[in-house]
A.B. asks: 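Before we start, here is the structure in question, set down as structure tokens.
Note that these values count all heavy atoms, side chains included, but never hydrogens, waters or copies made by symmetry. Order of listing sets the numbers, starting from 1, for every ligand and every atom in it.
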Amino acid sequence: MDTKNIGFNSKLIHSGGVEDALGSAVTPIYQTSTFSFKSADHGARCFSGEEDGYIYTRLGNPTIDDLENTLAELENGYGAVATSSGMAAVNTVYMALLGSGDHMISHNSVYGPSRSIMEKLYPKFGVESTYVDCTHIENIEKAIRPNTKLLYLETPANPTIGITDIAAASTIAHKHNILVCVDNTFCSPYIQKPLDLGADIVLHSMTKFINGHADIVAGAVISKTKEIHAQMSYVMKNMGFNMDPHQAWLTRRGLKTLAIRIDKAQANARKIAAFLEAHPKIEWVRYPGLKSHPQYALALKQMSGPGAMMSFEVKGGLEAGKKVMDNVQLALLAVSLGGIETLIQHPASMTHSKLSKEEKDEAGISDGLVRLSVGIEDAEDIIADLEHALSFV
Ligand SMILES: *Cc1c(COP(=O)(O)O)cnc(C)c1O
């Protein structure tokens, strides 16, 4: 059926499906590396693009198409490329848009490796970058140079939950012919649609909310226009950043329950944030659903809900934070996020440990900051777990 005009929940279930000869309700796993042609002429037509046809799985596969077509519809983009990991998606964007002599602006507390490769690897290819606090929009404008080609945002950002105004940032960037990419991993298209807000490219670590079951590593890049999509597609196919069909099938299956998973996790998160904020051993809580969030109004404007990610500071700094992590029983002490299980981690010693003390301070990552990815368990059990762990502080 034509899924263009159906609702978001209906798209989660019905979009993307590739019809097959047997009428499969679910697009099967085409676990094949290559596809045979009917004749030499047919092969030639597939290669020239005259005829749509599958050639080789790195270049295209029905199971992967099912996922990519669905993602493009959910984010309101022209097209999507699925990648083997979120970092492959980040590299797809960097490689497609940046070359020797180009400059990129990004947010100072983006996902650790997204910053690390830009500062350690890309200078080898002559790419320059500036990291600023993009939640204050004037910092972006100040960082623009004549050779700036890309504004790379992540909002809410990892792990400070700082929010950048996507519409305002896109307006400034476009005035200077700069493309805007938003890492939408923390929200998923259910909560935030960056392309509708003015961005040109959206990327995901589908390892997180999109797959949602902590059993897959995967990524995706969704582009607003045909031209940008073609650039992303070229890099993905020729750098070999493609997915495996089985990985694509599992991700597509996880995606079907995105909305009901997020509804439950978000409802839990609201209760947990309120509990933590009222707790005497907690210094502060950053959650877009709390009025105390410095960008509460912006969150209401650009996100349809506050999501399931929060960070908080336990009074007593590093040692106190560690005590909480060592004494939780239900929540798993683990990196990653967006799964059905509640995860807790400590950015200063884990995900952001590669940053220097100054970089951590600048990015707002204090030693006692704890990040919580709320799952879909019973809220009372997660709260009881945190209450018990906090009793050791
Ligand atoms: C996890 C993550 C990534 C990287 O994705 P992988 O799937 O681990 O490669 C990128 N951005 C954000 C915000 C993430 O949370």
A.B. asks: What's the shortest distance from atom 14 (C) of ligand 1 to any protein heavy atom, and which residue and atom give it?
C.D. replies: Lys208 NZ, 3.0 Å
A.B. asks: Answer yes or no: does an N/O atom from Val90 fall short of 3.5 Å to an N/O atom of ligand 1?
C.D. replies: no
A.B. asks: Run the contact test for Ala88 against ligand 1 with a 4.0 Å cut-off on heavy atoms, strictly below, and give the result.
C.D. replies: no
A.B. asks: What are the two closest heavy atoms between Leu343 and Val335, and how far apart are they?
C.D. replies: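 Minimum heavy-atom contact is CD1-O, 3.6 Å.
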A.B. asks: Could you tell me whether the side chain of Lys226 and the main chain of Tyr78 form a donor-acceptor pair under 3.5 Å?
C.D. replies: no
A.B. asks: Could you tell me if the side chain of Tyr152 sits less than 4.5 Å from the side chain of Leu98, heavy atoms only?
C.D. replies: no
A.B. asks: Would you mind reporting whether His293 and Pro306 have side-chain heavy atoms less than 4.5 Å apart?
C.D. replies: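 Sidechains of His293 and Pro306: no contact.
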A.B. asks: Considering the heavy atoms of Met87, write down every atom of ligand 1 situated less than 4.0 Å from one of them.
C.D. replies: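 So the atoms of ligand 1 that pass are 4 (C), 5 (O), 6 (P), 9 (O).
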A.B. asks: Consider every N or O of Ser205 and every N or O of ligand 1, then say whether any pair is closer than 3.5 Å.
C.D. replies: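 Between Ser205 and ligand 1, an N or O pair is found under 3.5 Å apart.
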A.B. asks: Using 30° and 60° as the class boundaries, would you call the ring planes of His246 and Trp249 parallel, tilted or perpendicular?
C.D. replies: parallel
A.B. asks: Quick check on Glu19: does its CD atom have over 12 non-hydrogen neighbours (other residues, nucleotides or ligands) under 6.0 Å away?
C.D. replies: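 Not buried by this count: 12 neighbours or fewer within 6.0 Å.
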A.B. asks: Return the closest protein heavy atom for atom 4 (C) of ligand 1 as residue, atom name and distance.
C.D. replies: Tyr111 CE2, 3.3 Å
A.B. asks: Which part of Leu337 is near ligand 1, with near meaning a heavy atom under 4.0 Å away: side chain, backbone, both or neither?
C.D. replies: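 It is the side chain that gets close, since no backbone atom is under 4.0 Å.
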A.B. asks: Can an N or O of Thr207 be found at a distance shorter than 3.5 Å from an N or O of ligand 1?
C.D. replies: yes
A.B. asks: Is any side-chain heavy atom of Glu377 less than 4.5 Å from a side-chain heavy atom of Asp385?
C.D. replies: no
A.B. asks: Under a 4.0 Å heavy-atom limit, does Ala218 contact ligand 1 with its side chain, its backbone, both, or neither?
C.D. replies: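 Within the 4.0 Å criterion, Ala218 contacts ligand 1 through backbone atoms alone.
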A.B. asks: Quick test: of every protein heavy atom, which one is nearest to atom 6 (P) of ligand 1, and how far off is it to 0.1 Å?
C.D. replies: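 Protein heavy atom with the smallest distance to atom 6 (P) of ligand 1: Gly86 N, 3.3 Å.
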A.B. asks: Compute the shortest N/O to N/O distance between Asp183 and ligand 1 and return yes if it is under 3.5 Å, no if not.
C.D. replies: yes
A.B. asks: Does only the side chain of Met206 get under 4.0 Å from ligand 1, or the backbone, or both, or neither? Count heavy atoms.
C.D. replies: neither
A.B. asks: Identify, by atom number and element, the atoms of ligand 1 in contact range of Glu154, meaning under 4.0 Å from any of its heavy atoms.
C.D. replies: 13 (C)
A.B. asks: Considering residues, nucleotides and ligands other than Lys11, do more than 12 of their heavy atoms fall under 6.0 Å from its NZ?
C.D. replies: yes
